[in-house]
Amino acid sequence: MGKDDIPGSFEQLVLLAVLRLGEGAYGMTVRRELEMRTGQAVSLGAVYTTLERLETKGYLGSRGAAGGPEREGRARRFFQVRASGVEALRRALDLLDRMRADLPVLRPVGVRR
Amino acid sequence: MNADLLNRVPGGALLSALLRLLLASERREEFIGDLVEEAQRELAGGSSVELAWWLWSQTLRSVPALVALRIRRLGGARPAPGPGGRTAVLAGHRTHRNWPLSVALAIGAHLVAGSVVLIWALAHVDEIEPIRIPVVFSALLPTLATAPAPTAAPAPAPVVRDQPQPSRVRTPRRGPRAPEPAVELVGPSSPLPGPAVKAAAGERPPPPAPPVDPCVPPCRLDEPPARLPPRLAEKRCLSCPAPHLPAIFRQLGMEQELLVKSCVDARGAVTSVDVLRGLDPVVDAGVTKTVQGWRFSPHTLDGHPVPFCYTTRFVFAMR
């Protein structure tokens, strides 16, 4: 993927969720993190599609792992953000910051924790 | 909640089949595993119906994205090089590097499917409403027991039976004449309306009407004939007696087909009869002669009578 590529808005959210989850980022936890932090319903299919797209772009890496009894032994795939993913995310957020700079109406109102 | 959640909930097998369509095997296992894990977390102790509802709702919400993913894979999504020069391919996830081949395959599949549909359509564009003319031997048998042996009896008058109303109208027998096998004309619509039915019912034919020029408004005599579907053409049939079947064919006890293309001029008279699929020279000639005497109401185009052609299939069936 070119170095000027800007991830889309949902891609940015997924990258951020994977970053937040650290070692425990896989499909359902990413979805849960997104729903919890954005307050919006997200389909598991959309998460899977985006994870795969980001991996195709080289922003994410993955490793397979065996599943436990809580998932009836089915495999699980953990994702982690690569350096290129962090760079692309930083690029997108910088772009957003530059665009909204000096716009009082879009001044950040705080971050919910 | 024990193993094989999908097999325990109502519709689980169908859900599994749907996911099999939408996802590759490895990714499907991960997806189902995530669903099961989340279901255990969200619906611990829930009934199987609740679980099924939750699983179905989650899966159906994911269908558009999964379909898009499937299409993207078919389109040849190529993973970017990963660390160490290795490709970042998901384990077991087959990507299509040769996208021109994928496109060619997709185009080829569409061409094949389109050709099949086209061939089917061409084969059925001349869908011919069958006209069945079974000879009813069952009607003949009781008469044979009481009547003298058949002599050179005239050809049987056709009896018309309409479908889907299977009521049979038979010709009235005339005194002690030799028994005559009844001939049925069977079709999806009433191909021989009016006079034939009335004659079979024994009614007196109406007095001939004064000739009326059907070419009002003026006929387009030089217009190329329109090609009418058999159903429409048969609706225009004013006088279409059924062709006679020689006795020898009535005794064969098998179904025979005959295909005839008829052209009708703007005045409703049959101008040409071509036997497309013949049965026998004698039968073909008899059918041709009969069809040549058929009369139609003119087919109009933009309010003007024009000639038309159509195809009829006669099915002579023995009973």
Side-chain angles (χ1 to χ4, degrees), chain A residues 1-3 5 7-8 10-11 14 24-36 40-85 87-88, chain B residues 1-8 18-19 22-42 44 54-55 57-73 75-84 86-93 95:
Chain A
M1 197 55 52
K3 67 176 185 177
D5 176 66
F10 192 67
E11 289 177 340
V14 170
Y26 60 95
M28 188 53 79
T29 55
V30 172
R31 171 184 184 253
R32 207 179 293 156
E33 181 76 10
L34 286 169
E35 288 191 337
M36 192 178 68
Q40 295 181 353
V42 177
S43 76
L44 187 58
V47 173
Y48 265 66
T49 306
T50 308
L51 286 172
E52 173 153 335
R53 188 164 58 244
L54 290 171
E55 190 172 30
T56 305
K57 289 181 176 180
Y59 296 157
L60 291 180
S62 68
R63 61 180 172 84
E70 74 280 3
R71 40 194 299 128
E72 299 176 351
R74 290 186 168 91
R76 177 187 286 148
R77 180 155 298 278
F78 289 100
F79 293 87
Q80 67 276 351
V81 181
R82 287 188 177 145
S84 59
E87 180 59 30
Chain B
M1 196 175 305
N2 53 18
D4 291 326
L5 176 68
L6 284 187
N7 291 336
R8 287 193 302 110
L18 175 64
L19 289 173
L22 293 173
L23 286 161
S25 59
E26 293 80 13
R27 186 49 62 94
R28 183 170 64 248
E29 282 300 301
E30 295 161 11
F31 189 91
I32 294 175
D34 277 356
L35 280 181
V36 169
E37 185 181 342
E38 189 71 358
Q40 299 215 45
R41 182 173 172 270
E42 297 273 335
W54 189 87
L55 289 171
S57 64
Q58 294 294 321
T59 304
L60 291 179
R61 281 171 56 192
S62 298
V63 164
L66 295 179
V67 169
L69 176 64
R70 199 71 166 165
I71 292 173
R72 206 161 59 84
R73 282 187 181 184
R78 184 178 300 183
R86 303 180 71 175
T87 55
V89 184
L90 292 173
H93 170 208
T95 53

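Throughout, a chain's letter reflects where its sequence line sits, starting with A, and its residues are numbered from 1.
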Engaged part of [X] at the chain B interface, taking heavy atoms whose separation is under 4.5 Å:
{"X": "Val47(A)", "value": "neither"}
{"X": "Arg31(A)", "value": "side chain"}
{"X": "Ala83(A)", "value": "neither"}

Practice task
Test salt bridge (charged side-chain N to carboxylate O under 4.0 Å, His left out) on Glu35(A) and Arg32(A) and set out the steps.
Solution key: CA-CA 5 Å; Glu35(A) 288 191 337; Arg32(A) 207 179 293 156; over 6 Å; no
Handout entry: Side chain / backbone / both / neither for Glu29(B) at chain A, heavy atoms under 4.5 Å
Key = both
Practice task
Might you work through the side-chain contact (heavy atoms from CB on, under 4.5 Å) test for Val30(A) and Phe79(A), ending with a clear yes or no?
Solution key: CA-CA 9 Å; Val30(A) 172; Phe79(A) 293 87; 5.7 Å; no
Exercise for the section: Could you tell me which of Leu23(B), Ile32(B), Leu66(B) has the largest number of non-hydrogen atom pairs under 4.5 Å with chain A? Expected result: Ile32(B)
Handout entry: Tyr59(A) side chain to Ala88(A) backbone, donor-acceptor under 3.5 Å
Key = no
Problem - Test item: Arg71(A) side-chain N/O and Glu30(B) main-chain N/O as donor-acceptor pair under 3.5 Å - result: yes
Practice task
Using a strict cut-off of less than 4.0 Å between a Lys/Arg side-chain nitrogen and an Asp/Glu carboxylate oxygen, indicate whether Glu70(A) and Arg41(B) qualify as a salt bridge.
Solution key: no
